Q: 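Take this structure, written in structure tokens, and hold onto it; I'll ask about it next.
Keep in mind the model is a prediction, meaning the values are calculated, not measured. Quick note on labels: first sequence line is chain A, next is B, and so on, each numbered from 1.
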Protein chains: 2
Amino acid sequence: MSLPARRRVSIKDVAAAAGVSLQTVSRVVNGAEAVAAPTRERVLAAIAELGYRRNELARNLIQGRSRTLGVICAGHDHQGGRQLNSGITAEAEALGYALLIREHQADDPVPDDAFVESLLDRQVEGILWMLADTRAEHDSLLRRIVAEHGVPVVALVRSRSVGVPFSAFDNFSAGLMATRHLIARGRRAIAHIAGPAHSWDAQERLRGWREAMREAGLAADDTRVVNGDWSPEGGARGLSALLERGPLDAVFASNDHTALGAMLAAHRRGLSIPRDVAFVGVDDIQGAGWYLPPLTTIRRNRVAMGREAVRMLAALIEARHAGQVLELPDYLHPPELIVRESA
Amino acid sequence: MSLPARRRVSIKDVAAAAGVSLQTVSRVVNGAEAVAAPTRERVLAAIAELGYRRNELARNLIQGRSRTLGVICAGHDHQGGRQLNSGITAEAEALGYALLIREHQADDPVPDDAFVESLLDRQVEGILWMLADTRAEHDSLLRRIVAEHGVPVVALVRSRSVGVPFSAFDNFSAGLMATRHLIARGRRAIAHIAGPAHSWDAQERLRGWREAMREAGLAADDTRVVNGDWSPEGGARGLSALLERGPLDAVFASNDHTALGAMLAAHRRGLSIPRDVAFVGVDDIQGAGWYLPPLTTIRRNRVAMGREAVRMLAALIEARHAGQVLELPDYLHPPELIVRESA
DNA sequence: CTGAAAGCGCTAACAA
DNA sequence: TTGTTAGCGCTTTCAG
């Protein structure tokens, strides 16, 4: 297994073996035209024999480019960060970028400069910001990254004030769509189990719920809203709290896990779904179509969001290298209603 | 946003500003003792004023260490790769390693050398292998990484033949535990919906089921086994196929998603859970405790597995740098039975 | 078409 | 305690 570290073969070794200079090897490796066929053959043979591979680190150093993107994301991601990552990783790879991940655990202190500096020190060329927190510390950190360090940033949340381009989910429309669907099915007493109070996504979905209720002339007062925490536990607690405040015939849950917990709580109280209470979630996580009953939900295409974000960031980086200033349009990904049996 | 790329301030700039040599700045930055207090002050002042940050890439190059780990994992991971990542990322960060991720999508061709070479080219010091595929191509690739490239590797699956240390889940014991639990509850006609045929995890769990049936003197013939694909769809299909072959009073599903799908299918056929058919899954994914009925399952602690794997890999790397050969004991993480209502 | 020299940003070894 | 000299592995001028 663990052999003593053998020195990797360098361009120098290849040059010596092929009897040419370093540059010639470099040219061959980089596919330059200006190399005579026989020379190229010899170099290629030496490369093959020695098993030479280019050291990207050295290359990055001299070119002043790391071809690396930093990703700042939440740690215990209840919302399926995984799927997003798959869009991000695939696109990054396609564009030739490596990814350096930095996770912020929910129970850690609010991230400060030191949090991102490890990424900057490793010379990331751009940053993907996935923290959906509306607290001022997050905003100001993001602003400082852009202003002081001058690194291109693309957000995967629709950030409030910081002028960073984003590829984000249209949470407001999602809330609107979910609630409208319930209204169209004849529901009137529609409650909302929201996400955590300082989550941007949660706030937007709540706003969508309010707007849909308002336009239908229905009461959307605060007694109809409780905060959850994206988890089934939060959903179950939320439903109980809501039922104590009064009767309801539908619940818009901020995400599928919340809906799952709330549905079980409703079931335990002898309520029939969707007859007595209808449920709509958000996410369309794997499994949502197999709950009892299968969950009606608002799908968000995380893979597409991730892909787009990486594309935007890459464009920003290229422009920067070309000395240009690029103004990118924001990208708000539309929600998709998936009607199943819970509503 | 996208300012023209400004040259980052280097150690040279700091040295000039502070009126000292490069070396002195380097010493201060690296916290060496042998610097006079007033000199240190001046350097620190210059660093603060210029906003100097050390370029880790340059440092890595000269030290011949990248402080980076490569992770080779499956793309569309139905099994919650996310949670594992959280153990890996946390431990890697704690030990000062960055992570370079390489995902293998299930529908891509079997990974070949080119697949890992992008990691090697970026000088990763070790590789975390998370591909649980028993096909020969995977094995031989893994073997080649170790033999030809000489990079330390730790696997997160219990790999068959390749002599790579692992920190893996004890899938066999999980299968044993799940099946024994069903037997202890008085079930006799216990079927198994397995994972994909060439998944190592799936094969081991199947083996556990067989062994438990055998030791109880129950029939464990192939008519009682179908292959799923870790998904709810596969679980539903699996249950239907099993029921066509004969009656059963319990199902050991290879993972929670499979169990979820199978439970819905059972429900649709008017079977009561657990009265008519009991179910046990594997994973204890978020939500499993909120299914209808809450799922009895075998928990696996992915975070611990990830942490341990990173620790092992780091130890291997340190040993290598110290010129030693380290024999590491493998780590088989025990399953934990979580009894809920489905069995 | 090929090579020599310089240097990316930093640290290691030695000298002063 | 501080500075000087090399040089990590590579690419970029600029000569030849």
Q: For A/Glu93, what residues pass the side chain to side chain donor-acceptor pair (under 3.5 Å) criterion, not counting sequence neighbours?
A: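 Only B/Arg102 meet the side chain to side chain donor-acceptor pair (under 3.5 Å) criterion with A/Glu93.
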Q: Is there a donor-acceptor pair closer than 3.5 Å between any side-chain N or O of A/Thr134 and the backbone N or O of A/Trp200?
A: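 Not a single qualifying donor-acceptor pair exists.
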Q: Rounded to 10°, tell me the angle between the two end axes of the helix from C/dC1-D/dG16 to C/dA16-D/dT1, each built from five pairs.
A: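 End axes: 40° apart.
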Q: Whole-Å distance between C/dT11 C1' and B/Leu57 CG?
A: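 My rounded result for the distance is 15 Å.
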Q: State whether A/Arg67 and A/Glu56 are salt-bridged, where the test is any N-O pair (Lys NZ or Arg NE/NH1/NH2 against Asp/Glu carboxylate O) under 4.0 Å.
A: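 Between A/Glu56 and A/Arg67 there is no salt bridge, as every charged N stays at least 4.0 Å from the carboxylate O atoms.
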Q: Would you tell me if any nitrogen or oxygen in the side chain of A/Asn55 comes within less than 4.0 Å of OP1 or OP2 on D/dC8?
A: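 Negative; the distance criterion is not met.
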Q: Given 3.5 Å as the limit, does a donor-acceptor pair link the side chain of A/Thr68 with the main chain of A/Ala98, or not?
A: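 Between the backbone of A/Ala98 and the side chain of A/Thr68 there is no qualifying donor-acceptor contact (under 3.5 Å).
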Q: Between atom CD in A/Glu41 and atom C1' in C/dC1, what is the gap in whole Å?
A: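 Distance, rounded to whole Å: 16 Å.
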Q: Give the rounded distance in Å between these two atoms: CZ of B/Arg67 and P of C/dT11.
A: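 Answer to the nearest Å: 13 Å.
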Q: Within less than 4.0 Å of OP1 or OP2 of C/dG7, is there a side-chain N or O belonging to B/Lys12?
A: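 Checking B/Lys12 against C/dG7: no side-chain N or O falls below 4.0 Å of OP1 or OP2.
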Q: Measure CZ/B/Arg65 against P/C/dC10 and give the value in whole Å, please.
A: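 After rounding, the gap between these two atoms is 19 Å.
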Q: Can you list everything that forms a side chain to side chain donor-acceptor pair (under 3.5 Å) with B/Thr39? Sequence neighbours excluded, please.
A: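 Testing B/Thr39 for side chain to side chain donor-acceptor pair (under 3.5 Å), a comparison that skips the adjacent residues, returns none.
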Q: List in chain and number order the residues that pass ring-ring contact (aromatic ring centres under 6.0 Å, His included) with A/Tyr331, two or more places apart in sequence or in another chain; answer none if no residue qualifies.
A: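 Counting only residues at least two positions away or on another chain, A/Tyr331 forms a ring-ring contact (aromatic ring centres under 6.0 Å, His included) with A/His333.
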Q: What is the distance, rounded to the nearest whole Å, between atom CD1 of A/Ile11 and atom P of D/dT12?
A: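 Those two atoms, CD1 and P, are 11 Å apart.
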Q: Tell me whether A/Glu318 is salt-bridged to A/Arg65, with the criterion being a basic N under 4.0 Å from an acidic carboxylate O.
A: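 Looking at A/Arg65 together with A/Glu318, the answer is yes, because their closest N to O distance falls below 4.0 Å.
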Q: Would you say the side chain of B/Leu142 lies within less than 4.5 Å of the side chain of B/Trp129, judging by non-hydrogen atoms?
A: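 Yes, their side chains come closer than 4.5 Å.
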Q: For A/Glu49, is the CD atom crowded, meaning more than 12 foreign heavy atoms sit under 6.0 Å from it?
A: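 Check fails, neighbour count at 12 or below.
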Q: Write down the distance between CG (B/Asp121) and P (D/dC10), rounded to a whole number of angstrom.
A: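 The distance from CG of B/Asp121 to P of D/dC10 comes to 10 Å, rounded to the nearest Å.
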Q: Do B/Ser167 and B/Arg311 have side-chain atoms, one donor and one acceptor, less than 3.5 Å apart?
A: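 No donor-acceptor contact under 3.5 Å links the two side chains.
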Q: For the residue pair B/Val29 and B/Ser26, establish whether any side-chain heavy-atom pair is separated by less than 4.5 Å.
A: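 B/Val29 vs B/Ser26: side chains apart.
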Q: Counting just side-chain N and O atoms, does B/Asn60 come under 4.0 Å of either OP1 or OP2 of C/dC10?
A: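 Checking B/Asn60 against C/dC10: no side-chain N or O falls below 4.0 Å of OP1 or OP2.
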Q: Give me the distances for all protein-to-nucleotides 14-16 of chain C N/O pairs that come in under 3.5 Å?
A:
none

Q: Nearest nucleotide by nearest heavy atom, which residue falls closer to the 5' end of DNA chain D, B/Gln63 or B/Arg42?
A: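 Nearest nucleotide further toward 5': that of B/Arg42.
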Q: Using OP1 and OP2 only, check whether a side-chain N or O of A/Thr39 sits under 4.0 Å from C/dT2.
A: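 Yes.
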Q: To the nearest Å, how far apart are A/Ile62 CD1 and C/dC8 P?
A: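 Rounded to whole Å, this separation is 9 Å.
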Q: Rounded to whole angstroms, how far apart are CG on A/Leu61 and P on C/dG9?
A: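 To the nearest whole Å, that distance equals 7 Å.
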Q: With rounding to the nearest 0.5 angstrom, report the CG to CD1 distance, A/Leu119 to A/Ile101.
A: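 Separation between the atoms: 9.0 Å.
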Q: I need the residues from residues 19-26 of chain B with at least one non-hydrogen atom less than 4.0 Å from DNA chain D; give them sorted by number, or say none.
A: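 Heavy-atom cutoff 4.0 Å gives B/Val20, B/Ser21, B/Gln23, B/Thr24.
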